[in-house]
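Structure first, commentary second.
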Amino acid sequence: MSLGSIPMRYRVKIDREQCMECMRCIDNCSYGVFREENGKIHIDSRNCTVCHRCISMCPRDAIDLHERPVDYRSHPLWTPEAREDIINQARGGKIILSGMGNAKPYPVIFDRLVLDACQVTNPSIDPLREPMELRTYIGKKPKQLHITKNEAGDLELETELSPNLKLDTPIMIGHMSYGAISLNAQLSLAKAAAKVGTYMGTGEGGLHEHLHPYQNNMIVQVASGRFGVDIDYLERGAAIEIKIGQGAKPGIGGHLPGEKVCADISCTRMIPQGSDAISPAPHHDIYSIEDLAQLVRSLKEATNWEKPVFVKIAAVHNTAAIAAGIARSSADAVVIDGFRGGTGAAPKVFRDNVGIPIEAAIASVDQKLHDQGIRNKLSVIASGGIRNSADIAKAIALGADAVYIGTAALVSMGCRVCGNCYRGLCPWGIATQREDLVQRLDPEIESEHVANLINSWTLELSEIMGAAGINSIESLRSNRSRLRGYMLDEGTLEVLEVKPVGA
Amino acid sequence: MCGIIGVIDRKMNKMDGSSIRDALSLMNERGSGEGAGYAAYGIYPDFADCYALHVFFDNLVEPKSTVDDMIQKWGRIVYQEEIPTYQQPGLKRAHVPWRYFFKPYSDLMTGSSTPEDDIVKHLVMHINSDIKGALVFSSGKNMGVFKAAGWPEDVANFYRIENYEGHIWIAHNRYPTNTPGWWGGAHPFNLLDWGVVHNGEITSYGTNRRFVESNGYTCSMFTDTEVVAYLFDLLGRHHKLPEEAIVKALAPPFWDEIDSMEDKEHELNKAIRLTYGPALMNGPFAIVVATQNWMVGFTDRIKLRPLVVGENGDRLYISSEEAAIRVMDPNVQKVYMPKAGEPVIGRVIE
């Protein structure tokens, strides 16, 4: 007996009175929703991913799109999604793949934290009239300085500092590889990073030569697959990041299907054309903190100890202890990627169920590093589900030095979070390698959009800080007394070390 | 709000507390009668080698015997007594102020370059956070803090501070806005020889607190000024930073200024900001900090609180108001207002 088909999720309609049959929707939809038959546009709503490309490009606003409620028997446990997943797996016998971040309705802790503002006795600071400092240095700082006074009474610095990355804003762009996203998308991000004085990650796909002009604003990644890694690659990066885990899929590796490995990607990743690029879950030379320390130091040695080395881990239950170990491995920063982190492709069961929220992870890492007196030993970068400047302010107040944004940067380039990145058909030219689709994305224009986003969030951060009477980002970091928890349970408040509202 | 004043005699000539009492009272508009206090240096010459532990006891039974036991494990009580006080109509006696003159057994604190100081610091942290009904509010050598919830003149008269003579005095008139007006919350705040009076609110308190706590201090007095004393102890005593460097850490120049400095100065200031970012104090403040042989006054980086300096011969005055300085010294010369974040340092000339 056949399982039959599952009902379609969305209904696409065209207002035929408005439509001028220009066929632009057909050209724009890479998922095959629209097709022409006998000079008329026909619709196959079943193919729709809600990427909104057709709606955005329709010159007559003639396209209408609605979620289509499905009349399964309502049941609190056996949701339509649960049943559809079973039907799909019964049919295919495969892991269900997904793109973008966790799509389950867990409460968002950021949304239950409120920021503080000054009133009367403590003046707020107007960023339009007073200096507001968001400059951030990422890297190891000494625990203390040795400063002496010479005979003339001048102060002499005796301590030598480790190399740090200088950021004009605490907002960086996270690692999205060439392969997961298009070269034009990477170019847009790189140009934006250079414009706003910050950094972006290459991801584990190597560094394409077109990105070399922006290498001073790029952090090169070393993942378990070691794709694209050679000495030239390491030397080009402003910093090096070892990727251990990723928020969307803690505990598992990455996989770029062979059909996406075109000539250009094969060159950049240094793998044969058409071969699967598999990054295994573990680094096969890292089975302990000591092994990690060895890799950190090897990378430093290779680059003459001139570049900061980051370690990226997914936020999991014992993240704090791991981060404390990383602090002792000679690494300069730890990137904690929360369970709302995005991805090009991940098993849905991982994306939606593994890991912990970034808010709790940052708070516990910051606390642990402080408890052990080693907070200065490394910077903490928060990533995974940062949606606006308030999230950034809250992440910093919980203990982050800076944040990585990923999905938000993609959205600023057109992405509609349709979650189909793994299919390689992104109609916005972002998560695809199909030449005609990639061409849709103009790096000049999109870099402007990404830069605008970061600039506007930076301005908002300045305002938030000014309202709290703070004119230097250092004073927001770990400043949990500027946060209150609203409708958060006692246990979570304790982990966050934040007082409830009214306290 | 809040009024602060400090004076140092660079030749270590002694001043009694009467004139600073009058100066502080002049600034009563800056207070609310909920806290005032004085700290004086050089007041206990007979016990100059002992730590003078001033303790507020809720009663002289349980908390005192616990404190006695505790401190006697770590050293010897050379002398102890109730601090003489005199009933004042405007001041409600909430605690019994007691003082111990204490000599630590330095061999009990291994691995420290300043074992006696570290023993006393440990005792202060431990008593203040763990022993109910006892609060050490002064722990320096040959110096002492006298404070209570009340108006400046009442507090001064309660302790009869005119009976004490010191070469440095700092004083504070409190207008509590964030935390309750209670004896422990009155200024000066003190740890070892560091005495702090502060006008303002430190918006970076959460950051500063976490920083000092990760360096072995425990904040137990619910107020932002407490961290300033600990920051000075950490940076000044443990990290041995010169006075100017401590102020650069707490109220550093803006990046624009640092960027335009010559290479060597640029490197120094950048290193201080990077290393001591969590010690940077934000928000409106004017602070006077004293220790045995120097006193420093400085404000926040955009000067959201007033600070005036006056000099006359060997005496340097720092206060919220010029009028207060003139009460202490009608002939004061060279009255000026320092720039935001710029430290004004008065040192004893040996």
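Naming convention: chains lettered A, B, ... in sequence-line order (proteins, then strands); numbering from 1 in each chain.
- For the set Lys270(B), Glu267(B), Glu213(B), Lys248(B), the count of heavy-atom pairs under 4.5 angstrom toward chain A peaks at Lys270(B).
- Judged purely by atom type and a 3.5 angstrom limit, Thr207(B) uses its side chain to pair as donor or acceptor with the backbone of Ser475(A).
- When the candidates Thr148(A), Ile473(A), Leu483(A), Ile470(A) are compared by the number of heavy-atom contacts under 4.5 Å with chain B, Ile470(A) comes out ahead.
- Contact count against chain B (heavy-atom pairs under 4.5 Å) is highest for Asn471(A) among Val120(A), Asp116(A), Asn471(A).
- In this structure, no portion of Asp154(A) lies under 4.5 Å from any heavy atom of chain B.
- Using a 4.5 Å cut-off between heavy atoms, Gln144(A) contacts chain B through both its backbone and its side chain.
- With Val498(A) as the fixed residue, the side-chain contact (heavy atoms from CB on, under 4.5 Å) test singles out one of Leu398(A), Leu488(A), Val114(A): Leu398(A).
- For Leu274(B), the parts sitting under 4.5 Å from any heavy atom of chain A are the backbone and the side chain alike.
- Most heavy-atom pairs under 4.5 Å with chain A: of the set Arg301(B), Lys240(B), His238(B), Arg209(B), this distinction falls to Arg301(B).
- For the residue pair Asp233(B)/Tyr217(B), the side-chain donor-acceptor check at 3.5 Å is satisfied.
- Within residues 366-377 of chain A, the residues having any heavy atom under 4.5 Å from a heavy atom of chain B are, by residue number, Asp366(A), Gln367(A), His370(A), Gly373(A), Asn376(A).
- Ranking Ile147(A), Leu145(A), Leu157(A) against chain B, the residue ahead of the rest is Leu145(A), based on heavy-atom pairs under 4.5 Å.
- For chain A, the nearby parts of Ile272(B) are the backbone and the side chain; heavy atoms of each come within less than 4.5 Å.
- In this structure, chain B has heavy atoms under 4.5 Å from both the backbone and the side chain of Leu155(A).
- The neighbour count for Glu262(B) CD, taken as heavy atoms of other residues, nucleotides or ligands under 6.0 Å away, does not exceed 12.
- Of the two parts of Glu257(B), neither the backbone nor the side chain holds a non-hydrogen atom closer than 4.5 Å to a non-hydrogen atom of chain A.
- Counting heavy-atom pairs closer than 4.5 Å to chain A, the top-ranked of the candidates Arg305(B), Lys264(B), Arg273(B), Glu265(B) is Arg273(B).
- Put simply, of Ser481(A), Pro123(A), Ala468(A), Ser124(A), the one with the most heavy-atom pairs under 4.5 Å next to chain B is Pro123(A).
- Using a 4.5 Å cut-off between heavy atoms, Tyr276(B) touches chain A through its side chain atoms alone.
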Could you go through the side-chain hydrogen bond (donor to acceptor under 3.5 Å, both in side chains) check for Ser220(B) and Asn128(B) one step at a time?
CA-CA 6 Å; Ser220(B) 54; Asn128(B) 289 356; 4.5 Å; no

